[in-house]
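What follows is a set of notes on a single structure, which appears directly below.
Chain naming here is simple, since letters A, B, ... match the order of the sequence lines and numbering starts at 1 in each. Only a predicted model underlies this, so the values are computations on that prediction, with no experimental measurement involved.
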Amino acid sequence: MYKLLLCWRYLRTRWIALASIVSVTLGVATMIVVNSVMAGFSYEMQTRIHGILSDLVFESHSLSGFQDPQWHMDEIRRAAGSDIVGMTPTVAVPAMLNFQVRGQWVTRQIMFIGIDEASHAHVSDFGRYLQHPGNRTQLSFGLREGGYDTVDSQSDTTLPTRPALEGAGWPHRRMRVERERVWREKLDADRQATHAATPVPTDSTRSVDQQVDAVLAATSADAPAAATVAATPATDPAATGKPADPFRQARPEEVTRMDPAQEQFTGIVPGIGLASFRDTSGIDRFLVLPGDDVKITFPTSGTPPKAVSDTFTVVDFYESKMSEYDSNFVFVPIADLQRMRGMIEPQTGIASVNSIQIKLREGADLNQVRDRLRKVFPADLYAVSTWRDKQGPLLAAVDMEMSVLNILLFLIIAVAGFGILAIFFMIVVEKTRDIGILKSLGASAGGIGSIFLGYGLFLGMVGAGAGLALGLAIAWNINRIRVAVEWLTGEQVFDPSIYYFYRIPSIIDPFTVAWIIVGAVGIAVASSVLPALRAARLHPVEALRHD
Amino acid sequence: MTDAAPPLLRVRSLRKQYRSGDTTLEVLRGVDFDLAAGEFVSVVGQSGSGKSTLLHLMGLLDAADAGEIELDGVRVDGLSTAGRDRLRNTAIGMVFQSYHLLPEFDALENVLAPLMVRYGVLEWLRVRGAARAQARGLLDRFGLGGRLHHKPRQLSGGEMQRVAIARALVTQPRVLLADEPTGNLDEATGAGILETLCELNRTDGLSIVLVTHDAAVARQADRIVRLAAGRVEDALPAAQRLAG
Ligand SMILES: Nc1ncnc2c1ncn2[C@@H]1O[C@H](COP(=O)(O)OP(=O)(O)O)[C@@H](O)[C@H]1O
Ligand SMILES: [Mg+2]
């Protein structure tokens, strides 16, 4: 009983000891905050990476891929049947995206990925990352009439940060066509009026003009005027006949039948980062909207590959919030890509693909299934990898970063431990006579030692408890704190455009928190062991003679 | 006093030496000493003659190099640490020259300290009421009924020593060992303390060993034992010693 009472009295009369645990508190708080933010980032990243990549990816090494995906899928199912929930073939090739912004051509390097409209969303979270609610339920590469989200569906804000998507889709496309027509008319009128004096327009402008001419000419020639289009464009017949138009040459028939206000080219879903940027007020500005046409240049599957270009219509945006993917991926229907790349054998009609995305049942051992497939398919032809393998270095780097940080932060607490050690030694020396008195009253060595151990335990618990409260408070309110800090310093602490998150993610893992607390209390107790031992071993007579 | 009764405390050829470096200081060189139940004995001797050392050995605070100590006819010098701790807590009460109260505890808590040492938390909750009543009774008896919640630093020397005596008695020990209890006190206060001890001896039959270097103090006891050159010089009844 005396132990508790003395512990308490020593604590009450020696507030200085509490100073030694401030660093325990700070250490614990920092560890909790850092771990929850890191865990938040890591979780966001992992779910996103996993959402983009299916559980397993089965690929060929060659760009032209392997033939007969159905046979491969059957083989895969035979090797790992019970674990497989879904499979979908994909074709991925490096490509170049071109689109026009105010008359300037913008070029982006992309990964052009052919996916199966019907099944792709079943093997990954692909569907969740689209901007049209309809596409999120079932992806369609057909342009939608409208209804694209102006609010980021993956954030918890209700602010319409994407006002530009309001009119996207067919309305945008029709309006653009109409504007181009009016602009063309005006340009033509100008040109006719000042024909002699006007210098020839630059090449880039001219080529656009010519395309628009071609399209408009086609409309007036073949298609009946749409009810929604205000008027049949009056085009310059001379422009339509210009043989220098490469676009026209590539697909003369298609073009002549095409009414851009009514029809679309092959639909694509580019990553949102390719088409937009976020301004300082957090509003997304779009360079291209659903309904706009873009050009993509990609290699054919022949040897050597030849570059071919085609026009595509943007039908939606893909936003995984991983900027690496969002500024790199462009999705297209796999059948179209196979056709354009010449991946379909003319005689048999069998197409090639270069990878198969595999989804496994919940709880399946990814590595084990991977290894089983690796045994069946020769490694010099096929690569089988889990989504973790694919992002191995990134995930490993995050883990590494987390461990190093944890070690450093734990050292802070260890330093606090030495503070406790020193202060406790002082208290033991100061209390030597009291220890002698207690021993003369019959207190055992263990009892005396436990006063100081209990004291250390108490300090550790108070320190860790305060740290826990502080850490949790910060971790829970991290975004409010961020806002406050940004307001105070006037500088942006967390740039959402880098991560495409609107808020700092933070996940408090009770297990990690428990370990931090146990570690901190453990250090406090451990550093009181030596002073406690010294107190326990004091000789009663010498302690009594001490003054 | 009564030779027939077995002594409460029996010390035989007790030896104790202190070694520091290459010099050895033989403090006790075979001390023989008996204390009968209910007896009040003074141990006198010059400063440095080993009185405190003897008291510490009898109080089981230290271990002798050789010799025997019996308490109630039972050898206690060879006991385990736990056994010695228990005896100190139950059978022996000690009072020191500089009071040795715990500064963090008030008077009542200081008196209760040995009982708190004895009982665990749960037991303590059970016995607390009785223990507090007993401690309060002792403090009342020593005229400290109004000072229960004063810390040692708020008490005078004499008051502190009375608290210390109450603490020594709260366990109802077989013997009270007092090491110069009046040494730090002025004459009048010292006399008061001494009177308290005499009264305890007379009315409660408390066995007391009183160490002092002051002949006037020693005189209060039934018997005086003189310690010199590491041995008991002679043992005479106090009255006889003073006469001779
Ligand atoms: N721990 C020790 N180491 C060495 N010498 C000691 C120690 N304790 C006591 N002494 C010596 O033993 C002698 C007896 O001391 P003590 O019993 O306190 O004498 P008294 O109480 O009669 O004044 C003294 O000379 C003292 O210096
Ligand atoms: Mg002495």
I need the Asp62(B) CG to His539(A) NE2 distance, nearest 0.5 Å.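 The NE2 atom of His539(A) is 3.5 Å from CG of Asp62(B), to the nearest 0.5 Å.
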Value rounded to 0.5 Å, distance of CG in Leu60(B) from OG in Ser440(A):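 Leu60(B) atom CG to Ser440(A) atom OG measures 11.5 Å (nearest 0.5 Å).
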Taking atom [atom1] of [X] as the centre, does the number of heavy atoms from other residues, nucleotides or ligands within less than 6.0 Å exceed 12?
X: Tyr43(A); atom1: OH; answer: no
X: Arg86(B); atom1: CZ; answer: no
X: Gln154(B); atom1: CD; answer: yes
X: Arg480(A); atom1: CZ; answer: no

Evaluate Ser52(B) against Arg545(A) for side chain to side chain contact (heavy atoms under 4.5 Å, CB included), listing each step before the verdict. CA-CA 10 Å; Ser52(B) 295; Arg545(A) 284 185 197 263; 4.2 Å; yes
Residue-level contacts of residues 126-135 of chain B with chain A, using a heavy-atom cutoff under 4.5 Å: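 From residues 126-135 of chain B, none sit under 4.5 Å of chain A.
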With a strict 4.5 Å heavy-atom criterion, list every residue of residues 89-111 of chain B that contacts chain A, or say none.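 Only Asn89(B), Phe96(B), Ser98(B), His100(B), Leu101(B), Leu102(B), Pro103(B), Glu104(B), Phe105(B), Glu109(B) of residues 89-111 of chain B have a heavy atom under 4.5 Å from chain A.
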Tell me, out of Gly446(A), Gly442(A), Gly447(A), who's got the most heavy-atom pairs with chain B below 4.5 Å.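 Counting heavy-atom pairs under 4.5 Å, the top option is Gly442(A).
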Count the heavy-atom pairs under 4.5 Å between each of Glu123(B), Arg88(B), Arg118(B) and chain A, then report the option with the highest count.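 The option with the most such pairs is Arg88(B).
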Quick one: side-chain contact (heavy atoms from CB on, under 4.5 Å) partners of Asp72(B), sequence neighbours excluded?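 Partners of Asp72(B) by the side-chain contact (heavy atoms from CB on, under 4.5 Å) criterion, ordered by chain and then number, come out as Leu8(B), Arg174(B).
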Which residue pairs pass the ring-ring contact (aromatic ring centres under 6.0 Å, His included) test with at least one member in residues 399-445 of chain A, sequence neighbours excluded?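 Only Phe424(A)-Tyr455(A) qualify under ring-ring contact (aromatic ring centres under 6.0 Å, His included).
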Can you find a pair of side-chain heavy atoms, one from His56(B) and one from Pro540(A), that are under 4.5 Å apart?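 Side-chain contact under 4.5 Å: no.
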Please tell me if the side chains of Arg84(B) and Lys439(A) come closer than 4.5 Å, counting only heavy atoms from C-beta onward.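 The answer is no; the side chains never approach within 4.5 Å.
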Where on Arg167(B) is there a heavy atom nearer than 4.5 Å to chain A: the side chain, the backbone, both, or neither?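 Looking at Arg167(B), just its side chain touches chain A.
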Considering all heavy atoms of both residues, which atom of Leu441(A) and which atom of Pro114(B) are nearest to each other, and what is their separation?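 Looking at all heavy atoms of both residues, the shortest contact is CD2-CG, 4.0 Å.
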